[in-house]
Amino acid sequence: MISKLLIANRGEIACRIIRTAKRMGISTVAVYSDADRKAMHVLAADEAVHIGASAPNESYLLGGKMIDAALATGVDAIHPGYGFLSENPDFVQAVEAEGLTFIGPSAAAIRAMGLKDAAKAKMETAGVPVVPGYHGENQDDDFLKDKATEIGFPVLIKAVAGGGGKGMRKVEAETAFADALVSCRSEAKSSFGDERVLIEKYIEKPRHIEVQVFGDSHGNIVHLFERDCSLQRRHQKVIEEAPAPGMTAEVRKVMTEAAVRAARAIGYENAGTIEFIADVSSGLRTDGFWFMEMNTRLQVEHPVTEMVTGLDLVEWQIRVARGDALPLAQEQIVLSGHAVEARLYAEDPAKEFLPATGTFDALDFPPDLRIDTGVKTGDTISPFYDPMAAKMIAHGATRGEALDRLRYGLEETRIIGATTNRSFLIRLLSLEPVAVGELDTGLIARYQADLTSPRGMQPIHYLIAALVEANRFRNLQSDDPFERIGSFDLWGERIEHFDFATGTQDHNSERIAVRLVRGDGGAVEAWLADNRMSFDAAKIEADYGALYADNQRTVFRYMALPDVIAIHDGTDLQEIRRAALLEAFEGDLLGDDRIAAPMHGLIRRVNARSGDRVSKGQSLIVVEAMKMEHMLTAPRDAVIAEILAVEGDQVAEGALL
């Protein structure tokens with residue numbers, strides 16, 4: 001019996017497990033680090049236990065602290081989610097030694113599939129197709145080179161204990177093998193503490209297709225069909241879908257039967273995934289796929305399987321862990337429709353997908369998608385953990401319908417204040433090869449320049465910002481008609497002037513002056529230098545607006561923040577700074593002798609020292625806030641008496657610097 005459950009994880013997967021546990025009448029206990037004190041999963045659980053500092057090796061990777069928290073709160077079982085301790089067999093044994101139930105496979109099963117070479121040897125014995133290669137113990141350089149030559153170039157050198165794309169090198173020719181081997185071993189040792197490698201034939205046009213399997217303690221093993229995870233960047237999944245595009249009944253039968261054999265070979269219980277690599281240079285074939293590895297846990301992409309089967313995989317995990325038989329037999333599991341999942345990351349695709357910390361000033365998802373998330377408006381992406389903000393999942397009767405719903409949902413998602421890969425995902429889903437299902441693991445790399453190139457500010461964005469500014473002081477709910485219409489002129493056109501600044505981190509940003517002329521009937525004319533734009537009408541509401549010209553409508557959403565106007569145009573997010581705020585930086589915030597922080601932020605650079613003689617306009621301090629750098633300059637010629645700012649300090653708005 002499981003009546004109380006501890007989730008040894010954080011973020012969206014912790015929230016997702018809590019939802020199912022509560023529906024099943026099971027009490028939940030969350031754990032949290034210093035960085036997660038106010039996290040969504042902490043608030044969602046019935047109880048929460050602090051387990052340590054923010055760094056994972058001081059909190060979420062400490063199995064002993066998890067078990068202590070479990071014993072202190074009187075739980076019956078621990079669910080590891082994915083990542084962290086989920087595939088640590090020593091943790092499984094420690095949990096069971098305390099009389100607690102581990103919701104997942106046995107330690108023996110995890111060990112059996114934990115090392116790629118041993119796992120592939122076992123799969124060969126079980127009759128599961130394995131990629132041609134060498135998975136033995138001999139690690140002599142010349143021997144491995146000979147094996148690579150025997151297999152035939154190109155080959156892939158892979159760390160035995162690898163994962164996540166680390167310790168992996170493609171080698172095109174024999175002359176490059178030695179250097180690649182040294183590099184691969186070095187990365188494997190630093191990442192996994194194990195420099196052993198294996199050699200595999202490199203598949204020129206690979207697709208990543210995996211099969212969800214489930215086993216129970218009564219000897220039953222079933223599959224829940226396949227997922228395609230071929231859309232990857234640097235071996236990290238970006239888009240996942242079920243079923244796999246182009247899958248035939250014949251190939252599905254052979255592949256799922258191989259997956260069930262693999263699970264049965266190790267007496268597998270609970271949720272697991274058998275991952276295959278398929279050569280699609282001639283389409284999907286019964287003899288064109290091979291075993292890669294087994295993930296002995298719940299997968300990040302499990303929601304697409306849930307959407308096409310109508311099943312709750314976490315519920316199945318809990319039932320199997322408490323000794324129940326699988327709820328359904330194989331013939332009772334039915335595939336319905338198509339589901340696609342996109343991983344929304346706080347990262348900057350234009351900067352090689354670097355993780356981007358920041359605060360979500362707005363995070364609004366459309367109501368007609370499934371959203372698995374662990375963050376909300378006001379939350380900050382921590383630098384300590386994976387930057388995934390949410391998983392967005394769409395289901396449709398057909399693949400095309402599911403793709404359209406997901407793309408539209410991404411376009412309707414409003415994200416302000418933190419950099420994400422939303423625009424990249426929209427562009428990716430709009431590619432013709434994706435639309436027609438011609439997928440392979442190298443597709444994103446081939447199109448990366450088009451998918452990640454930043455789209456610059458356009459004149460229309462400054463026009464929208466001016467309209468937003470003009471609308472700021474209107475009270476749309478007022479009974480007073482003058483408050484509702486804002487500024488006006490008794491005769492002729494109404495002319496308004498606004499100043500903005502280009503860029504977000506250019507300390508010598510240019511001013512952009514916008515002259516807004518509004519005539520009769522709502523017509524709008526705007527001037528940016530010599531650039532003229534005219535529209536038949538403009539409509540601005542509390543957080544969205546529309547421009548009309550030549551029977552065309554341009555719709556946008558916006559959010560007016562203290563220092564920027566964030567404009568969401570359906571694909572990209574543009575942030576336009578108010579020049580008035582920059583003038584405050586350069587002016588007299590606390591009198592000519594004192595300069596204060598204009599907002600909460602991080603002291604990025606201090607460019608002056610006590611005793612320095614400075615000139616008016618000279619850069620003194622750079623403050624970073626909301627992913628932008630703001631320069632504070634000398635308001636007049638002067639001598640610096642004292643610098644109170646220290647690089648790296650967080651400062652509050654108004655703090656004397």
Side-chain angles (χ1 to χ4, degrees), residues 361-362 364 408 411-417 423 426 454-504 509-583 628:
D361 295 299
D364 298 323
Y408 177 74
E411 291 171 352
E412 288 297 296
T413 298
R414 186 174 66 159
I415 306 168
I416 296 173
S423 296
I426 293 170
R455 293 179 178 170
M457 204 80 70
Q458 301 299 315
I460 195 171
H461 294 125
Y462 291 104
L463 167 61
I464 292 171
L467 290 168
V468 169
E469 284 292 84
N471 194 59
R472 285 178 70 195
F473 302 107
R474 293 172 59 203
N475 183 354
L476 300 176
Q477 279 72 47
S478 175
D479 294 330
D480 185 334
F482 294 101
E483 287 190 14
R484 290 199 300 273
I485 66 173
S487 63
F488 71 100
D489 197 308
L490 287 174
W491 295 278
E493 299 173 327
R494 178 159 33 117
I495 302 176
E496 299 166 282
H497 296 271
F498 303 94
D499 287 319
F500 303 104
T502 60
T504 57
S509 295
E510 296 179 5
R511 300 296 174 85
I512 299 294
V514 180
R515 180 161 59 94
L516 202 62
V517 182
R518 290 201 261 187
D520 296 333
V524 175
E525 185 176 87
W527 291 85
L528 285 77
D530 295 328
N531 191 343
R532 175 182 175 273
M533 294 177 289
S534 60
F535 294 85
D536 302 327
K539 178 181 180 181
I540 304 289
E541 298 295 342
D543 64 351
Y544 73 94
L547 298 170
Y548 301 85
D550 300 326
N551 296 318
Q552 296 292 320
R553 184 177 68 152
T554 300
V555 179
F556 59 88
R557 302 176 78 175
Y558 74 88
M559 186 173 187
L561 301 171
D563 56 342
V564 298
I565 298 165
I567 299 168
H568 182 294
D569 64 7
T571 300
D572 293 305
L573 178 73
Q574 305 290 354
E575 296 187 0
I576 298 177
R577 290 184 293 159
R578 297 187 181 94
L581 186 64
L582 297 181
E583 291 167 359
M628 295 184 292

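As the structure is a computational prediction, the values presented were derived from the model and not from experiment. The figures that follow rest on heavy atoms only: side chains count, while hydrogens, waters and symmetry mates do not.
Across every non-hydrogen atom of I565 and A465, the tightest pair is CD1-O, 3.7 Å. In terms of heavy-atom proximity, H461 sits nearest to I567 at O-CD1, 3.3 Å. Taking all atoms of both residues into account, the shortest heavy-atom contact from G417 to D361 is CA-OD2, 3.3 Å. Closest heavy-atom contact between Y544 and Y558: N-CE2, 3.6 Å. When every heavy atom of M533 is checked against every heavy atom of P459, the shortest pair comes out as CE-O, 3.5 Å. Between A549 and F535, the shortest heavy-atom contact is CB-CD2, 3.6 Å.
By the 4.5 Å heavy-atom criterion applied to side chains, E411 and I426 are counted as neighbours. The closest side-chain heavy-atom distance from D499 to I512 is not below 4.5 Å. Using a 4.5 Å heavy-atom cutoff, the side chains of L547 and I460 are in contact.
Listed by chain and residue number, D364 satisfy the side-chain hydrogen bond (donor to acceptor under 3.5 Å, both in side chains) test with R414 (two or more places apart in sequence, or in another chain). Not counting sequence neighbours, the partners of R532 by the side-chain contact (heavy atoms from CB on, under 4.5 Å) test are E525, W527, S534.
Residue Y548 places its OH atom among more than 12 non-hydrogen atoms of other residues, nucleotides or ligands, all under 6.0 Å distant.
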